[in-house]
Engineer: 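Structure provided below as structure tokens; questions to follow.
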Amino acid sequence: MSKTYKVKKVIVKTEYKVLAALLIILAGGLVLLPKYEKNSGIKPEIFLKNVISTERYVTTDLIADKIIKQDPNLLLIDVRKKEDYDSFSLPNAVNIPLAEVLSSDSEAYLNQDAFDVVLFSNDQCYADQAWKLCNRLGYKHLYVLKGGLNEWFSTIINPKEPKVTDSELAFKQYNFRKAAAMYFGVGNATTTTKVKPKKVIKLTKKKKKVAEGGC
Amino acid sequence: MGPLIPNGVIPPEWNFVIAILIGIVFGFSLEASGFSSSRKIAGVFYGYDFAVLKVFFTAALVAMIGVYYMDYLELVNVEELFVLPTYTWSAIVGGIFMGFGFVVAGFCPGTTLCAAAIGKIDAMATMVGIFIGIFMFSELYDFIEPLFDSSYLGRITITDSLNISPYWFIFLFAILAVITFYVVDVIRKRVKKVFY
Amino acid sequence: MNKLSKIKKNSHIYWNPYFGGLMLGLVILFTFYVTGRGPGASGAFKSTIVTVVDDIAPTHAENNAYYNRFIKKGDSPMNTWLVYEALGLLIGGFLSGALSGRLKLYVQHSPKITSKKRLIVAVIGGIAFGLGAQLARGCTSGAGLSGMAVLSLGGFITVLSIFGSGYAFAYFFRKNWI
């Protein structure tokens with residue numbers, strides 16, 4: 001008993017050699033593992049859930065209200081082509097054509113925490129596509145203008161007068177829309193709204209919010 | 001999938017229960033490794049007991065390797081974990097203070113809690129000292145703040161700053177650790193034994 | 001009686017340091033997996049101080065930029081993750097000590113110094129540790145172990161600095177230990 005103990009004490013114990021080798025093999029395994037490009041962005045299942053959900057749609061009434069009240073958190077993004085944007089757009093909208101949604105300049109507008117970003121196009125098709133691309137990348141606070149600019153014209157700019165039989169709510173809505181139409185300029189719908197590009201402070205690339213820590 | 005609580009896999013109400021459970025295992029491991037004895041801890045500075053160094057670096061290595069395997073298997077995303085932000089100078093100066101405190105008191109905040117739990121009065125004294133130190137820091141905060149907030153580098157990892165792959169870094173770190181463990185054993189044999 | 005003396009004799013038998021390291025490493029790993037950040041210890045001390053100061057002198061705590069960071073309206077600063085974890089630490093330490101017969105109320109010190117001196121240096125060391133842990137935003141556990149686990153640059157700098165300064169100062173305090 002004491003003899004074996006002595007032998008063990010003289011040299012480094014075999015167990016330790018094995019353990020050391022195991023440790024190095026485990027660490028080396030990380031180096032040797034085949035590397036693959038990780039899926040950046042959210043999981044397909046979550047993406048599907050987000051796509052099915054209609055939470056992303058905002059109504060024209062809500063947006064009109066926000067524009068009139070000059071909501072500081074609102075950021076409108078026009079995803080149509082530049083020519084369309086130049087001829088007409090919503091006040092203070094920023095133009096990011098669908099083709100440029102993934103460019104690094106656009107990321108500062110789309111991947112941020114400061115604004116509620118509302119995407120819009122003529123109908124909601126392009127805006128929806130842009131939204132899907134961004135949602136897939138995990139960007140937050142993105143919305144789509146329901147019905148797009150077409151809806152904007154038929155509801156805000158040229159609201160239909162409700163029938164006498166309609167509810168009080170419908171009248172209230174109509175009154176709001178008429179007032180909003182005044183604000184946006186009735187009859188001048190085809191003229192170019194003067195667009196001042198909204199100043200967006202370019203955000204430094206923010207990593208995903210992580211758990212608060214520190215001791 | 002992970003981290004489980006921030007991603008909502010485990011409801012946040014469990015947070016504090018899990019905190020206590022983690023604390024219990026953490027405390028048990030510290031105490032059972034002998035960190036409730038200041039004389040054992042101080043041994044690392046005088047060469048008669050390197051348990052602190054062995055435990056500390058083994059733990060760091062196991063955690064490192066584990067985190068990166070879990071990242072590889074997509075159990076957690078390393079990018080989502082909390083990384084201590086780097087403030088170069090406050091980390092260095094703070095470390096110097098802590099090193100001084102370590103060799104003078106023989107405890108660090110975690111081990112002093114364990115030692116106090118089993119009745120070491122010197123550990124309780126260290127706890128009092130730590131409270132005073134934090135109180136002093138807070139009261140002197142206006143004076144310290146320029147240093148505290150200076151040289152901010154953000155959420156940066158050592159592999160970012162050295163510009164090497166984290167996998168290689170961990171591999172090299174593991175080799176370095178094994179060599180260190182061997183060397184400290186050699187040193188310990190040459191140093192006069194201290195019984196405590 | 002015989003059993004008791006046996007326990008007493010074995011009270012200095014600790015875990016193999018590599019096994020202890022493995023267990024600690026797994027705890028850290030598990031903590032990251034569950035909560036997204038690592039365990040720490042000095043945070044609980046800080047919360048206690050903030051709570052005490054906030055109770056005794058609320059206006060003072062409000063005006064101090066450092067306390068103010070941790071005071072939440074309508075919630076005690078004690079109600080944080082790290083405080084519960086520290087509570088667990090105390091329980092865990094006690095359990096381990098109880099199981100291996102190390103529960104004993106006494107001042108542990110080198111035979112070359114008195115208990116009184118040991119207590120004084122323990123307080124002084126604690127003060128330095130408290131100051132340093134706040135400055136470096138974490139102690140050996142929170143900044144060192146948890147920081148190193150995710151390869152934080154700050155964690156590595158802190159660890160190097162702690163051990164570097166520990167060895168640099170070790171010579172001057174050798175009489176306290178050996």
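Chain letters run A, B, ... following the sequence lines, proteins first and then strands; every chain starts at 1.
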Engineer: Between Y46(B) and chain C, which part of the residue has a heavy atom less than 4.5 Å away: side chain, backbone, both or neither?
Structural biologist: side chain

Engineer: So which of F156(C), W81(C), F163(C), F94(C) has the biggest tally of heavy-atom pairs under 4.5 Å with chain B?
Structural biologist: W81(C)

Engineer: Counting only heavy atoms closer than 4.5 Å, note whether H60(C) contacts chain B via side chain, backbone, both or neither.
Structural biologist: side chain

Engineer: Rounded to the nearest 0.5 Å, what separates atom CD1 in I24(B) from atom CD in E85(C)?
Structural biologist: 11.0 Å

Engineer: Over 60° means perpendicular and under 30° means parallel, so tell me whether Y167(C) and F45(B) are parallel, tilted or perpendicular.
Structural biologist: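 Taking F45(B) first and then Y167(C), their aromatic rings stand perpendicular (interplane angle over 60°).
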
Engineer: Hey, could you give me each pair passing side chain to side chain donor-acceptor pair (under 3.5 Å) that has a residue in residues 53-68 of chain B? Not counting sequence neighbours.
Structural biologist: K54(B)-D185(B)

Engineer: Please tell me whether R137(C) and S90(B) have a donor and an acceptor in their side chains that are separated by less than 3.5 angstrom.
Structural biologist: yes

Engineer: Between A116(B), S38(B), G43(B), which has the largest tally of heavy atom pairs under 4.5 Å with chain C?
Structural biologist: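 Sorted descending by pairs with chain C, the first entry is S38(B).
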
Engineer: Looking at the rings of Y18(C) and F181(B), which for Trp means the six-membered one, are their centres under 6.0 Å apart?
Structural biologist: yes

Engineer: Apply side-chain contact (heavy atoms from CB on, under 4.5 Å) to residues I130(B) and I127(C) and explain how you reach the verdict.
Structural biologist: CA-CA 5 Å; I130(B) 292 173; I127(C) 292 173; over 6 Å; no

Engineer: Do F56(B) and M148(C) make a side-chain contact, defined as non-hydrogen atoms from C-beta onward lying under 4.5 Å apart?
Structural biologist: yes

Engineer: Nearest 0.5 angstrom please: L21(B) CG to Y84(C) OH, how far?
Structural biologist: 13.5 Å

Engineer: Between I124(C), V83(C), T48(C), which residue shows the highest count of heavy-atom pairs closer than 4.5 Å to chain B?
Structural biologist: T48(C)

Engineer: Roughly how far apart are L151(C) CG and L162(B) CG, rounded to 0.5 Å?
Structural biologist: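 Answer for the CG-CG pair, L151(C) versus L162(B), is 10.0 Å.
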
Engineer: What part of I92(B) gets within 4.5 angstrom of chain C, counting heavy atoms only: side chain, backbone, both, or neither?
Structural biologist: both

Engineer: Flag the pair L29(C) / V67(B) as yes when at least one side-chain heavy-atom distance between them is below 4.5 Å, and no otherwise.
Structural biologist: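 They are in contact (side-chain heavy atoms under 4.5 Å apart), so the answer is yes.
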
Engineer: Where the side chain of S29(B) meets the backbone of M23(C), is there a donor-acceptor pair that is under 3.5 Å apart?
Structural biologist: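 It does not hold such a pair.
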
Engineer: How far does CZ of F28(B) sit from CG of L99(C), to the nearest 0.5 angstrom?
Structural biologist: 5.0 Å

Engineer: Would you indicate whether the side-chain heavy atoms of S161(B) and L153(C) approach each other to under 4.5 Å?
Structural biologist: yes

Engineer: Under 4.5 Å, counting heavy-atom pairs only, tell me which of I28(C), T140(C), N176(C), L87(C) racks up the most with chain B.
Structural biologist: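 Heavy-atom pair counts peak at T140(C).
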
Engineer: Counting heavy-atom pairs closer than 4.5 Å to chain C, which one of F35(B), F57(B), F173(B) comes out on top?
Structural biologist: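 With the most close heavy-atom pairs to chain C, the winner is F173(B).
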
Engineer: Report the distance from atom CD of Q108(C) to atom NZ of K40(B), rounding to the nearest 0.5 Å.
Structural biologist: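 One gets 11.0 Å once the value is rounded to the nearest 0.5 Å.
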
Engineer: Pick from W89(B), W14(B), F16(B): which one has the most heavy-atom pairs with chain C under 4.5 Å?
Structural biologist: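 Highest number of pairs under 4.5 Å: F16(B).
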
Engineer: Check whether the ring centres of F131(B) and F45(C) lie less than 6.0 Å apart, and answer yes or no.
Structural biologist: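 Centroid separation for F131(B) and F45(C): below 6.0 Å.
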
Engineer: What orientation do Y66(C) and F148(B) show, parallel under 30°, tilted 30 to 60°, or perpendicular over 60°?
Structural biologist: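 Taking F148(B) first and then Y66(C), their aromatic rings stand perpendicular (interplane angle over 60°).
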
Engineer: With a 4.5 Å cut-off on side-chain heavy atoms, are F50(B) and P17(C) touching?
Structural biologist: no

Engineer: Using a cut-off of under 4.5 Å on heavy-atom pairs, state which of V17(B), V103(B), I5(B) scores highest against chain C.
Structural biologist: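 Most heavy-atom pairs within the cutoff with chain C belong to V103(B).
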
Engineer: Any chance you could lay out the side-chain contact (heavy atoms from CB on, under 4.5 Å) test for S141(C) and F26(B), step after step, and finish with the verdict?
Structural biologist: CA-CA 10 Å; S141(C) 340; F26(B) 193 37; 4.0 Å; yes

Engineer: Output the option from G129(B), A91(B), G106(B), A123(B) having the highest count of non-hydrogen pairs under 4.5 Å with chain C.
Structural biologist: G129(B)

Engineer: To the nearest 0.5 Å, how far apart are CD1 in I118(B) and CG in L105(C)?
Structural biologist: 10.5 Å

Engineer: Does V123(C) form a side-chain contact (heavy atoms from CB on, under 4.5 Å) with T126(B)? I'd like the steps, not just the answer.
Structural biologist: CA-CA 5 Å; V123(C) 172; T126(B) 310; over 6 Å; no

Engineer: Mind ranking A59(B), P12(B), A42(B) by heavy-atom pairs under 4.5 Å with chain C and telling me who comes out on top?
Structural biologist: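 The candidate making the most pairs under 4.5 Å is A59(B).
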
Engineer: Between L26(C) and chain B, which part of the residue has a heavy atom less than 4.5 Å away: side chain, backbone, both or neither?
Structural biologist: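 Both the backbone and the side chain of L26(C) come within 4.5 Å of chain B.
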
